[in-house]
Amino acid sequence: MKAAVIVFPGSNCDRDCAVAVERSTGAQVEMVWHKETALPEGLDLIVLPGGFSYGDYLRCGAMAALSPVMQEVVAAANRGVATVGICNGFQILCEAGLLPGALLRNEGLKYICKPVALEVTNAQTRFTAGYQGRREVTMTIGNGEGNFFADAETLARIEGEGQVAFRYVDNPNGSVDDIAGIVNPAGNVLGLMPHPDRAFEEELGSADGAILFQSALASA
């Protein structure tokens, strides 16, 4: 098993993601700088980590989505490689057009950092298959712009096609329909605001995030 973590200027969860994937799955993890124009061969999983790419200037994730390496990430995702964007990574996936919708300022306009309970809305995706029988899991959020929004038509499509992977049990930021994470129509791209990389061992308060990485790699 082989994974890559993409590193943008301002990423601050890249090392956390690498450690989380390595310890959760035993996979070999390579760090890939955003200026690279090629990805390592034979990747089973690509991770876009949380942080503040380009200082969140302009619009969260907008500048990172134009980084050279993103052309390769988009191409790999379109070939079916499992790709997960966590927090800022979720914002980048939306800006890159790999996922629908947008992440707005949190309702209340405050940065929120705390553990949250999540409903596993669809346990049939490549990222959630390991949660079979689990209706609720715990991960940690840390964001100021995690308020997921989509227009009515897009939202109806997302809901109708089972693309909602996770919902907040107690919505912390005003996300429409309590949405915390969605997958693309093909099911191989996941955007998730809460951090599985901050919940992969019991010592962190929850090991529920490890299952997400294990599921993604088991499906490769």
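Counting begins at 1 with the first residue of the sequence. This is a predicted model, so every value here is computed, not measured.
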Participant: Write out all pairs satisfying salt bridge (Lys or Arg N to Asp or Glu O under 4.0 Å) with one or both partners inside residues 200-216, taking only residues at least two apart or from two chains.
Facilitator: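 Of all non-adjacent pairs touching residues 200-216, those that pass salt bridge (Lys or Arg N to Asp or Glu O under 4.0 Å) are Arg23-Glu201, Arg134-Asp208.
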
Participant: Compare all side-chain heavy atoms of Met1 with those of Phe213 and state whether any distance is below 4.5 angstrom.
Facilitator: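 A side-chain contact is absent here, since even the closest heavy-atom pair is not under 4.5 Å.
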
Participant: Should Arg59 and Gln91 count as side-chain neighbours, where that means a heavy-atom distance under 4.5 Å?
Facilitator: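 No. Closest side-chain heavy atoms not under 4.5 Å.
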
Participant: Could you pull out the closest heavy-atom pair between Pro194 and Leu192, with the gap in Å?
Facilitator: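 Closest approach of Pro194 to Leu192, heavy atoms only: O-CG, 3.4 Å.
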
Participant: How about Cys60 and Leu103: do any of their side-chain heavy atoms sit closer than 4.5 Å?
Facilitator: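 In short, these two side chains do not touch, never coming nearer than 4.5 Å.
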
Participant: Could you tell me the separation between the OG1 atom of Thr83 and the CZ atom of Phe127, rounded to the nearest 0.5 Å?
Facilitator: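 Thr83 OG1 to Phe127 CZ: 6.5 Å, rounded to 0.5 Å.
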
Participant: Before giving the answer on side chain to side chain contact (heavy atoms under 4.5 Å, CB included), spell out for Ser53 and Ile92 the whole-Å C-alpha distance, their side-chain angles and the decisive distance to 0.1 Å.
Facilitator: CA-CA 9 Å; Ser53 58; Ile92 295 169; 4.0 Å; yes

Participant: For the residue pair Ser11 and Asn88, establish whether any side-chain heavy-atom pair is separated by less than 4.5 Å.
Facilitator: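 Of all side-chain heavy-atom pairs linking Asn88 with Ser11, none is under 4.5 Å.
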
Participant: Kindly indicate whether the side chain of Ser206, heavy atoms from C-beta on, has any atom under 4.5 Å from the side chain of Val137.
Facilitator: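 Of all side-chain heavy-atom pairs linking Val137 with Ser206, none is under 4.5 Å.
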
Participant: How many angstroms lie between atom CZ of Phe90 and atom NE2 of His195, to the nearest 0.5 angstrom?
Facilitator: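 Rounded to the nearest 0.5 Å, the CZ-NE2 separation comes to 12.5 Å.
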
Participant: Given Leu45 and Thr25, is the side chain to side chain contact (heavy atoms under 4.5 Å, CB included) satisfied, shown in steps?
Facilitator: CA-CA 11 Å; Leu45 174 67; Thr25 67; over 6 Å; no

Participant: Could you check whether any side-chain N or O of Lys2 sits under 3.5 Å from a backbone N or O of Glu30, counting only pairs where one atom can act as donor and the other as acceptor?
Facilitator: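 Answer holds: no.
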
Participant: Do the side chains of Val47 and Val29 get nearer than 4.5 Å, heavy atoms only?
Facilitator: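 Counting from C-beta outward, Val29 and Val47 never come under 4.5 Å.
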
Participant: In Å, rounded to the nearest 0.5 Å, how long is the span from CD of Glu72 to CG of Leu43?
Facilitator: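 Going from CD on Glu72 over to CG on Leu43, the span is 10.5 Å.
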
Participant: Would you say Gln71 has more than 12 foreign heavy atoms packed within less than 6.0 Å of its CD?
Facilitator: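 No, because the 6.0 Å sphere around CD of Gln71 holds 12 heavy atoms or fewer from other groups.
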
Participant: Please answer whether the main-chain N or O of Glu136 pairs with a side-chain N or O of Glu119 as donor and acceptor at a distance below 3.5 Å.
Facilitator: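 Side chain of Glu119 to backbone of Glu136, a donor-acceptor pair under 3.5 Å: no, none is there.
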
Participant: Are Met63 and Ile6 connected in a single hydrophobic cluster, I mean Ile/Leu/Val/Met/Phe/Trp/Tyr linked by side-chain heavy atoms less than 4.5 Å apart?
Facilitator: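 Different clusters: Ile6 never reaches Met63 through Ile, Leu, Val, Met, Phe, Trp or Tyr contacts under 4.5 Å.
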
Participant: With a 3.5 Å distance limit and no angle check, can you tell me whether Asn122 reaches the backbone of Val164 through a side-chain donor-acceptor pair?
Facilitator: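 No, Asn122 side chain to Val164 backbone: no donor-acceptor pair under 3.5 Å.
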
Participant: Could you tell me how the ring of Phe166 sits relative to the ring of Tyr131: parallel (under 30°), tilted (30 to 60°) or perpendicular (over 60°)?
Facilitator: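 Perpendicular.
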
Participant: Show the nearest heavy-atom pair for residues Ser219 and Arg126, with the distance to one decimal.
Facilitator: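 Here Ser219 and Arg126 meet closest at OG-NE, 3.0 Å.
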
Participant: State whether a side-chain donor-acceptor pair under 3.5 Å links Thr140 with Arg198.
Facilitator: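 Side-chain D/A pair, Thr140 to Arg198: absent.
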
Participant: Could you check if a side-chain atom of Leu99 sits within less than 4.5 angstrom of a side-chain atom of Cys94, using non-hydrogen atoms only?
Facilitator: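 Yes - at least one pair of side-chain heavy atoms lies under 4.5 Å apart.
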
Participant: Quick one: does any side-chain atom of Asn184 pair with a main-chain N or O of Asn188 as donor and acceptor, under 3.5 Å?
Facilitator: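 Answer holds: yes.
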
Participant: Are Phe52 and Val5 in one and the same hydrophobic cluster, where Ile, Leu, Val, Met, Phe, Trp and Tyr link if side-chain heavy atoms are under 4.5 Å apart?
Facilitator: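 Shared cluster, no.
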
Participant: Which distance, rounded to the nearest 0.5 Å, do you find between the CZ of Phe148 and the CE of Met193?
Facilitator: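 Spacing of CZ (Phe148) from CE (Met193) equals 11.0 Å.
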
Participant: Looking at CG of Asp14 and CD1 of Ile86, how far apart are the two atoms once the value is rounded to the nearest 0.5 Å?
Facilitator: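 The CD1 atom of Ile86 is 11.0 Å from CG of Asp14, to the nearest 0.5 Å.
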
Participant: Of Asp177, Asn173, Asp178, which is the lone residue that meets side chain to side chain donor-acceptor pair (under 3.5 Å) with Ser175?
Facilitator: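 That would be Asn173.
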
Participant: Report, one line per pair, each donor and acceptor closer than 3.5 Å where one atom sits in a side chain of residues 107-117; sequence neighbours left out.
Facilitator:
unit_1 : atom_1 : unit_2 : atom_2 : d
Tyr111 : OH     : Gly142 : O      : 3.2

Participant: When clusters are formed by joining ILVMFWY residues with side-chain heavy atoms under 4.5 Å apart, either directly or through shared neighbours, do Phe200 and Met139 land in the same one?
Facilitator: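 Phe200 does not cluster with Met139.
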
Participant: Given the rule in the side chain to side chain contact (heavy atoms under 4.5 Å, CB included) test, do Met31 and Arg15 qualify, once you have shown the distances and angles that lead to the verdict?
Facilitator: CA-CA 8 Å; Met31 312 300 288; Arg15 298 293 170 184; 3.4 Å; yes

Participant: For Ala150 versus Val176, what's the shortest heavy-atom pair and its separation?
Facilitator: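 Looking at all heavy atoms of both residues, the shortest contact is N-CG1, 4.0 Å.
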
Participant: Quick check: closest heavy atoms across Leu190 and Gly181, and the distance to 0.1 Å?
Facilitator: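 What the structure gives for the nearest pair is CD1-C, 4.5 Å.
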
Participant: Return the CD to OG1 distance between Gln163 and Thr121, rounded to the nearest 0.5 Å.
Facilitator: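 With rounding to 0.5 Å, CD (Gln163) is 12.5 Å from OG1 (Thr121).
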
Participant: What are the two closest non-hydrogen atoms of Ala123 and Gln132, and how far apart are they?
Facilitator: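 It is O-NE2, 2.7 Å.
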
Participant: Are Phe149 and Leu93 linked, directly or through intermediate hydrophobic residues, by side-chain heavy-atom contacts shorter than 4.5 Å (ILVMFWY only)?
Facilitator: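 No; tracing contacts between hydrophobic side chains, which count when under 4.5 Å, never links both residues.
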
Participant: Between Val81 and Leu39, is any pair of side-chain heavy atoms under 4.5 Å apart?
Facilitator: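 The answer is no, as the side chains (C-beta and beyond) never meet within the 4.5 Å cut-off.
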
Participant: Is there a path of hydrophobic side-chain contacts, each under 4.5 Å between heavy atoms of I, L, V, M, F, W or Y residues, that connects Val7 with Tyr57?
Facilitator: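 Unlinked, Val7 and Tyr57 end up in two clusters.
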
Participant: For Val21, is there any backbone N or O sitting under 3.5 Å from a side-chain donor or acceptor partner on Ser24?
Facilitator: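 No; judged by distance alone, with no hydrogens or angles, the pair does not exist.
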
Participant: Indicate the atoms forming the closest heavy-atom contact of Ser67 with His34, along with that distance.
Facilitator: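 Heavy atoms only, the tightest pair is OG-ND1, 3.2 Å.
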
